[in-house]
Amino acid sequence: MPIKKAEEKVYNKVSNSEIENYSSSIWDNNKISEAKIDSVKKSITIMMPPPNVTGSLHIGHALNMTLQDVIARYWRMKGKDVLWQPGTDHAGIATQMLVERKILREGITSRAELGRDDFLKKVWEWKKESGGTIVNQLKRLGASADWSRERFTLDEGLSEAVREVFVSLYKNNLIYRDKRLVNWDTKLETAISDLEVIQKDKKGYYWYFKYPILGTKKYIIVATTRPETLLGDTCVAVNPKDKRYKSLIGKKVLLPIVNREILIVADEYADPEKGTGAVKITPAHDFNDFQVGKRHNLEPINILNTNGTLNKNTPKAYQGLTILKARAKIIADMEELGLLDKIEDTIHAVPYGDRSDTVIEPFLTDQWFVDAKKLAGPAIESVKNGETKFVPKTWENTFFEWMNNIEPWCISRQLWWGHRIPAWYATDGTIFVGKTLEEVQIQAFSKYGKEIELKQDPDVLDTWFSSGLWPFSTLGWPNKSKDLIKYYPGNILVTGFDIIFFWVARMMMLGIYFMKKSPFKEVYVHALVRDSKGNKMSKSKGNVVNPLVLMDQYGTDTIRFSLTALATQGRDIKLAEDRIVGYRNFITKIHNASKFLEMNGCVLDKEFDIKMIQKPINLWIINLLYKTADNVSSEIESYRFNEAANSAYHFVWHNFCDWYLEIVKPVLSEINIEENKEIKNTTAFVFSKILTILHPIIPFNTEYLYSKVHNFGEMLSLMDWPDSNIEKIKLSKNNTEIEWTIKFISEIRSLRAMLNIPFKSLININYNSIDKKYLNIINSNIETLKSIAGVESFSFNANDSDNSAQILVDDATFNISLKGVIDINIELDRLNKDLSKLKDDISIIDAKLLNKNFIERAPKEVIEEQKSKKEGIKSLADRLQLAINRLDNKI
RNA sequence: GGGCGAUUAACUCAGGGGUAGAGUGUCUCGGUGACAUCGAGGAAGCCAUUGGUUCAAAUCCAAUAUCGCCCACCA
């Protein structure tokens, strides 16, 4: 076994952390990411989705922030004044839970023991100590947001905006207080919104209960998955059209255990197909039942305490029991009474709280609501009329679907951490809403004619209420600030689809209401990052990929490039480590190219004018460079990040490194200085532009190479984006000479590989009659051909019928003497294989050309294209056939 | 139940009316003055199925199948 030298050789690239530290420190020193309010440049505003202050960078953040950073850096290089507004969200429930756990560890039994004020002090303390974690992680990722403007949703300014909005919406009857069924979290003891409820399919049972009909010995049987709600039943409903029960309508049943007389009512809600067709109605604990109860004027009976235990409205034996214990007792009691008819297995959806992961109970309480329906109209309209566009457009359907069916938004939370609701109550229950206590005191005084005691509502607002104001509250609203005028509305919002309803829709509703304009022109909705098998990442599955670990392992830029290259529209991202390794290699490749430039003294000459370039190879690469730059540019602008990354990748690796540098390499080492000057200049120029194009995606390495290693000029992040229009570069469609050379070299290499001619044995290429232009090309690239194709000589040889292999490039034919070293049969095989491919191609085209309909109806250009294609292939095939015949004769 | 999306090489995915593309993997050769985290060259596909539109369909339309997601659903 030969020793693998690769293992001995340690690549001497500087460490990722050194590169990352260098780049971020010069960006910080030069404040490249700060928006310039006084700049005359046109603005681009990106509102960062504020991560939870309790958060730690996960792969979704990494994707989201990388894409925003690509956009931000790109537009800066395009000469725009970019505001990327960062900040964090106070995350009411998450933060409160976290700090509650913390004080528990400190030996405090509950937040109640501390009291509201002291508990909040603890939360602020925590925020001061640990709240910056996520921000530092974002900075490490390279997020070039304007951190000097960092905001927090509980900042004084943002809180003022919250109060202003609340009061204003209240005055306009868009916020109201109401007693309604809400989703109640019995663990957190707070109401939550519909969106915070997650339905999970669970195994359960249908219990069939017999309710005795008063005055008879008969029963009506009802089915339920929640036996304990029996205690709160106020009627039994049957469908008026259901013949089975028609005679029972209006009769009464004796509700077992509680012995309450309740009516059998007729209601369309009862579905004869479901269960027994008769349904028990518990208005206080079921959303549908609530409506039924209302229709029949039945007072709901609440059977629960806020912590989910049974309350005073239930029989003594049940009071204080948890729901599950009460359920078991009901079943046992019913069975004992002989009223349990049967039990069936079922799988049904059970609501869970997204934060507490506990079963959510419909619960009747007084809460504050936003009349979302009224606010939704204009938001829907702004998408319909194109003021705001979703990318990809398919998300607009999702948006409409939800907005059209929107329900009142419950905004009050029975928590301590958050924006306190600016409402006060008089002892008689009168509500006063105002921004400050003084304000409501004045209101109260004018009502009562004297000073009275006012108590502020103890509840706080849903966190999304304040983040819904983010696009304008961060810019100084309600003050008419310069920022607001310049940076509102934003241009682009980058977000995951999971918060379209939570956040995007609410920002649009509130933004349009208060600012008269939708808060952003475009919403780019990116995919979810999944594991390599396509599973959603979750802590319980243990398949969570920690971006910070990946960043340590591969470097931040590698992760950024990987996420960008994988960010296709409309499909989830499966993060496979293979891909990451591939892109790590790409960054290494760039470093090696850089090393090559250094070794060969390729230094950027400020006097160098690319319009004066003469050599075809240089013209070729410049041409491709600008094509790539234009391409990357339009792909970023249309949010096709994967295309942008791939396009740059391909150009750098396969055009610049594989061909340009290889072709130029032998010439660079020649002594002719004048001759080399143009090549060296071009090489340095193109490389500097490569770094520019890649900068938005991999800022750390490109900045490092640009300003530290090569000292190409100022900081890269301040450079202009290459643009063929602005720089008036004429792009040509074809560069025949270089393209022909590449084809020629590829043919030679392919032949070598197929015939097993080792690279070290140089070959002699003969030609008989070829066009002079090809000879010229060969002569001007002779060094390249020698060094990268292993060609020793070219010579005229009229007698080309020796044992020779054939190379056909366009309409030129070459032959290589095999000198008996090579098995003719192998060459014959190779040629025959090529030929049969060509013949297949011809027959496909022939089939078309012989089709009368094709000739009659296809556009002329297409027909001509097919014909000339066929001509080309045919001439190649003919010459190949000739060569085969000749070789055949030798055998 | 309502809606959306996916199905293309072994894998992960682009593309999108005119002969099928990339990266990874795989096979062969290679220790060469940028790079073995590399270079050169191969092999590998009835583009899910069935119908339609079209001169022409992987691409457009419709149905089907399978998988995924969102919303609704605790009789």
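Naming: A, B, ... by sequence-line order, numbering from 1 per chain. If you're wondering where the values come from, they're calculated on a predicted model, not measured in any experiment.
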Contact check, residues 268-284 of chain A vs RNA chain B, heavy-atom distance under 4.0 Å, returns Tyr269(A), Ala270(A), Asp271(A), Lys274(A), Gly275(A), Val279(A)
List in numerical order all residues of residues 194-207 of chain A for which some heavy atom is under 4.0 Å away from an atom belonging to RNA chain B. Gln199(A), Tyr206(A)
With sequence neighbours left out, write down each residue that passes ring-ring contact (aromatic ring centres under 6.0 Å, His included) with Phe656(A), or none if nothing qualifies.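 Result, ring-ring contact (aromatic ring centres under 6.0 Å, His included) vs Phe656(A): Tyr660(A).
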With sequence neighbours left out, write down each residue that passes ring-ring contact (aromatic ring centres under 6.0 Å, His included) with Phe502(A), or none if nothing qualifies.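 Listed in chain order: Trp464(A).
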NA contact type, [X], heavy-atom cut-off 4.0 Å: base, sugar-phosphate, or nothing?
X	result
Arg749(A)	sugar-phosphate
Lys393(A)	nothing
Asn851(A)	sugar-phosphate
Lys852(A)	nothing
Asp498(A)	nothing
Leu849(A)	nothing
Val222(A)	nothing

Of the listed nucleotides ([options]), which one gets closest to any side-chain atom of [X]?
X	options	value
Glu643(A)	G15(B), C70(B), G18(B)	G15(B)
Asn592(A)	G18(B), A34(B), C70(B)	A34(B)
Lys833(A)	G18(B), G42(B), A40(B)	G42(B)
Ile845(A)	A40(B), U19(B), C55(B)	U19(B)
Tyr649(A)	A34(B), G23(B), G39(B)	G23(B)
Asn585(A)	G41(B), C38(B), G15(B)	C38(B)
Ile844(A)	A14(B), A34(B), U19(B)	U19(B)
Asp658(A)	A43(B), C70(B), G39(B)	G39(B)

Per the side-chain hydrogen bond (donor to acceptor under 3.5 Å, both in side chains) rule, what does the pair list look like for residues 283-292 of chain A, sequence neighbours excluded? His285(A)-Asn302(A)
What is the separation between atom [atom1] on [X] and atom [atom2] on [N], rounded to the nearest whole Å?
X	N	atom1	atom2	result
Glu856(A)	C55(B)	CD	P	10 Å
Glu396(A)	G5(B)	CD	P	13 Å
Phe400(A)	C4(B)	CZ	P	14 Å
Tyr211(A)	A75(B)	OH	P	12 Å
Arg640(A)	G15(B)	CZ	P	6 Å
His710(A)	A34(B)	NE2	P	15 Å
Lys665(A)	U32(B)	NZ	C1'	8 Å

Any side-chain N or O of [X] less than 4.0 Å from the OP1 or OP2 oxygen of [N]?
X	N	result
Lys589(A)	A34(B)	no
Ser750(A)	G42(B)	yes
Asn288(A)	C73(B)	no
Trp653(A)	G39(B)	yes
Lys848(A)	C55(B)	no
His654(A)	G21(B)	no
Thr588(A)	C35(B)	no

What is the minimum heavy-atom distance between Arg244(A) and Thr276(A), and which atoms define it? NH1-O, 3.4 Å
Just to verify, what does [X] make a side-chain contact (heavy atoms from CB on, under 4.5 Å) with, not counting sequence neighbours?
X	answer
Ala648(A)	Val632(A), Ile693(A), Leu694(A)
Lys393(A)	Glu396(A)
Phe854(A)	Lys848(A), Leu849(A), Asn851(A), Ala858(A), Val862(A), Ile863(A), Gln866(A)
Ala349(A)	Gln199(A), Asp201(A)

Between Thr394(A) and Tyr583(A), who's closer to the 5' end of RNA chain B by nearest nucleotide?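 Checking each residue's closest nucleotide, the 5'-ward one belongs to Thr394(A).
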Nearest nucleotide by nearest heavy atom, which residue falls closer to the 5' end of RNA chain B, Ser787(A) or Leu566(A)?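 Counting from the 5' end, the first nearest nucleotide belongs to Leu566(A).
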Are Ser787(A) and Lys665(A) linked by a side-chain donor-acceptor pair shorter than 3.5 Å?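 There is no such pair between these side chains.
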With rounding to whole Å, what would you report as the distance between G51(B) and G15(B) at their C1' atoms?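 One C1' to the other, the span is 25 Å.
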Write down the distance separating the C1' atoms in G30(B) and A14(B), rounded off to the nearest Å. 31 Å
Ignoring hydrogens and angles, are the base of U24(B) and the side chain of Arg579(A) linked by a donor-acceptor pair under 3.5 Å? no
Decide yes or no, distance alone: a donor-acceptor N/O pair under 3.5 angstrom between the base of C35(B) and the side-chain of Lys595(A).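 In this structure, the two groups form no donor-acceptor pair.
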Any side-chain heavy-atom pair of Leu255(A) and Tyr211(A) under 4.5 Å: yes
I want to know whether Trp653(A) and Tyr649(A) have ring centres closer than 6.0 Å.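 Yes; Tyr649(A) has its ring centre under 6.0 Å from that of Trp653(A).
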Which string of ( ) [ ] | and . matches RNA chain B, if you list each base 5' to 3' and count Watson-Crick or G-U pairs only when both distances are under 3.5 Å? (((((((..((((....[..)))).(((((.......))))).....(((((..]....))))))))))))....
Quick one: CD1 on Ile303(A) to CG on Leu231(A), what's the gap to the nearest 0.5 Å? 5.0 Å
List for me each residue that meets salt bridge (charged side-chain N to carboxylate O under 4.0 Å, His left out) alongside Asp846(A), sequence neighbours excluded, and say none if there are none. Lys870(A)
Listed by chain and number, what are the salt bridge (charged side-chain N to carboxylate O under 4.0 Å, His left out) partners of Glu871(A), not counting sequence neighbours? none
Arg752(A) and Glu747(A) ion-paired at < 4.0 Å: no
